[in-house]
Amino acid sequence: MEQTLTLLSFGPDGWGDQIASGVLVTVSLALATLPLGLVVGFLLALAKQSDEKALKMAAEIYTTIFRGLPELLTLFLVYFGLQIGIREAVAALGFESQIEINSFLAGMIALGVVFSAFASEVFLSAFRAIPAGQYEGGYALGLGKVQTMIKIILPQLIRIALPGLGNLWMILLKETALVSVIGLPDILRQAGIAARVSKEAFLFFGTACLLFLVLAILSSIVIRYIERSVERSEVRV
Amino acid sequence: MSVTRQMIEAQAPPPLQARPWSTARVSGLAAMALWLVVGVGIILFLVAEWDPEKIDRYAPRYFSGLWVTLTLVGISIVLGALVSIPVTAGRMSSSRWASVPAYCYVYFFRGTPLIAQLFLIYYGLGEFRPQLQAIGLWGFFRDPWNCAILAFTLNTAAYQAEILRGALQSVPKGQFEGAQALGLTRLQTYRKIILPQAMIVALRPYGNEIILMVKGSAIVAIITVFDLFGETRRAYSRTFDFQTYIWAAIFYLIIVEALRNLWNLLEDRLTRHLKR
């Protein structure tokens with residue numbers, strides 16, 4: 001028991017510092033991916049509900065591909081593909097270089113792309129839940145297209161889309177564990193290193209699982225708080 | 001009083017307005033052009049890199065990997081469905097002693113990454129080798145394939161339990177009461193009245209779960225099970241040829257799209273009595 005506590009403690013004998021830094025990496029990767037995925041997902045949803053056939057189809061192709069590929073494969077495609085692509089592009093310009101793509105960046109792009117594909121579906125169904133009268137009301141008040149979108153549609157859209165986006169955030173948080181495979185020092189990778197060195201695999205992978213569980217619980221608290229604060233505007237007696 | 005003296009001649013329809021070059025149209029065409037370039041680029045790349053020797057060597061491995069992926073997912077889904085029944089029963093039970101453990105089980109497996117669960121079972125339980133040897137289970141846990149099946153079964157059982165619970169709760173209470181009034185036993189009630197209605201609700205979530213498992217199963221490659229992704233990684237590490245990953249992507253897209261379309265057909269067929 002004492003030995004276990006020593007292993008998990010902070011300081012030179014324990015793995016506490018490394019695992020704590022892993023938690024930080026996991027959380028920052030998820031937080032960095034979120035805005036990217038949300039913005040791209042929103043734009044995709046706009047494209048999917050536009051009257052322009054070409055735009056719609058382009059967005060559908062994007063969703064079909066990135067919802068169908070395993071996240072791990074997307075990650076590898078981005079990680080190796082970008083590296084090869086950049087090398088070829090640089091070689092075509094007549095330079096020679098060995099550019100290494102940062103695993104954080106690769107993870108951010110891959111997870112963001114997958115997140116946006118799923119988020120676009122959430123946004124799309126939220127768009128469909130907003131009656132056309134809301135747009136018409138906005139235009140009747142003399143608001144432009146952009147203003148109607150930002151001031152009238154978006155506040156309602158967020159409220160409707162929030163439960164779906166909350167689920168996607170939970171999935172994103174869990175998917176960050178995959179980036180440990182390409183060497184990002186997140187919770188799982190740090191736990192793996194600790195497990196290999198100390199030969200206490202069950203302890204460290206168990207700790208990693210519990211840490212993910214704690215992150216999930218914290219997120220659900222935050223999401224509930226956000227939901228409550230957005231719903232405040234809806235119920236007015 | 002006005003008298004019409006002359007009929008107005010039939011007029012030609014107004015000339016068709018040329019569709020304006022709106023931002024949406026321009027960006028749509030640009031995006032499609034980009035996809036076209038990417039698609040043609042990938043095809044040209046595959047054609048340029050086409051090497052009969054490589055294809056001869058690696059195509060059978062890809063197909064064996066594909067088979068491993070499909071059997072892994074198939075076995076886990078079926079076993080998971082079996083495990084999910086007692087979990088659902090526990091979750092819906094009014095007894096605390098049954099519902100709290102079931103809730104914790106579901107929360108743990110849905111709240112942690114599948115890859116962490118896999119590591120916990122494969123590497124973590126490997127540490128208890130003497131104890132496992134003592135009870136004769138070491139042979140089971142030594143094999144990564146068994147560990148993958150175990151991890152996937154436990155994981156999908158948690159998700160399937162939630163699907164099943166949601167579906168059962170969507171059946172109105174009056175259906176139970178009606179069955180009881182007819183004098184049906186509990187088993188008969190479930191088999192003939194509740195499950196047929198619940199399964200229609202559960203159909204789509206089950207389909208999504210299978211697709212998620214197909215995608216999620218790629219991680220077994222990390223614990224040296226040679227599924228489709230494992231074979232891909234092995235082929236890449238020997239050839240350093242990027243087309244290995246592109247072929248894997250094509251395979252996965254075909255599986256997922258086939259499953260999705262199959263499920264749409266199935267749903268159309270099974271819910272035809274609900275359509276008006």
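We name chains A, B, ... by the order of the sequence lines, and we start the count at 1 in each one.
- You'll find the side chain of B:T112 stays beyond 4.5 Å of the side chain of A:F205, heavy atoms only.
- Contact tally against chain A (heavy-atom pairs below 4.5 Å) for B:L114, B:I222, B:I246: the top residue is B:I222.
- When heavy atoms are compared at a cutoff of 4.5 Å, A:F204 does not approach chain B at all.
- Per-residue heavy-atom pair counts under 4.5 Å with chain A were compared for B:F108, B:Y123, B:F119, and the maximum is reached by B:F119.
- Scanning for ring pair (Phe, Tyr, Trp, His ring centres under 6.0 Å) contacts around B:F242 gives an empty result, with sequence neighbours left out.
- Proximity to chain B is absent for every atom of A:R196, based on heavy atoms less than 4.5 angstrom apart.
- For A:I187, no part lies near chain B; criterion is any non-hydrogen pair under 4.5 Å.
- Contact detail for B:E127 and A:F202: the closest heavy-atom pair is OE1-N, 2.7 Å.
- With hydrogens and angles ignored, the 3.5 Å screen pairs a side-chain donor or acceptor of A:K174 with a backbone N or O of B:R110.
- Both the backbone and the side chain of A:L69 have a heavy atom closer than 4.5 Å to some heavy atom of chain B.
- Of the atoms belonging to A:T64, heavy atoms from both backbone and side chain fall under 4.5 Å from chain B.
- Interface residues of residues 65-74 of chain B toward chain A, defined by a heavy-atom distance below 4.5 Å: none.
- Taking 4.5 Å as the heavy-atom cut-off, the residues of residues 223-237 of chain B that approach chain A are B:F229, B:R233, B:Y236, ordered by number.
- Scanning both residues, B:Q117 and A:C209, for their nearest heavy atoms gives N-SG, 4.3 Å.
- Taking 4.5 Å as the heavy-atom cut-off, the residues of residues 255-263 of chain B that approach chain A are B:V256, B:E257, B:R260, ordered by number.
- Note: B:A24 leads B:A24, B:A221, B:A116, B:A218 in heavy-atom pairs under 4.5 Å with chain A.
- For chain B, the nearby parts of A:M57 are the backbone and the side chain; heavy atoms of each come within less than 4.5 Å.
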Margin query: Using the rule given for side-chain contact (heavy atoms from CB on, under 4.5 Å), can you reason through A:K53 versus B:R25, listing the C-alpha separation, both sets of side-chain angles and the distance that settles it, and then say yes or no?
Written below: CA-CA 8 Å; A:K53 277 213 181 95; B:R25 192 175 174 203; over 6 Å; no
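- Contact annotation for A:L211: neither backbone nor side-chain heavy atoms come within less than 4.5 Å of a heavy atom of chain B.
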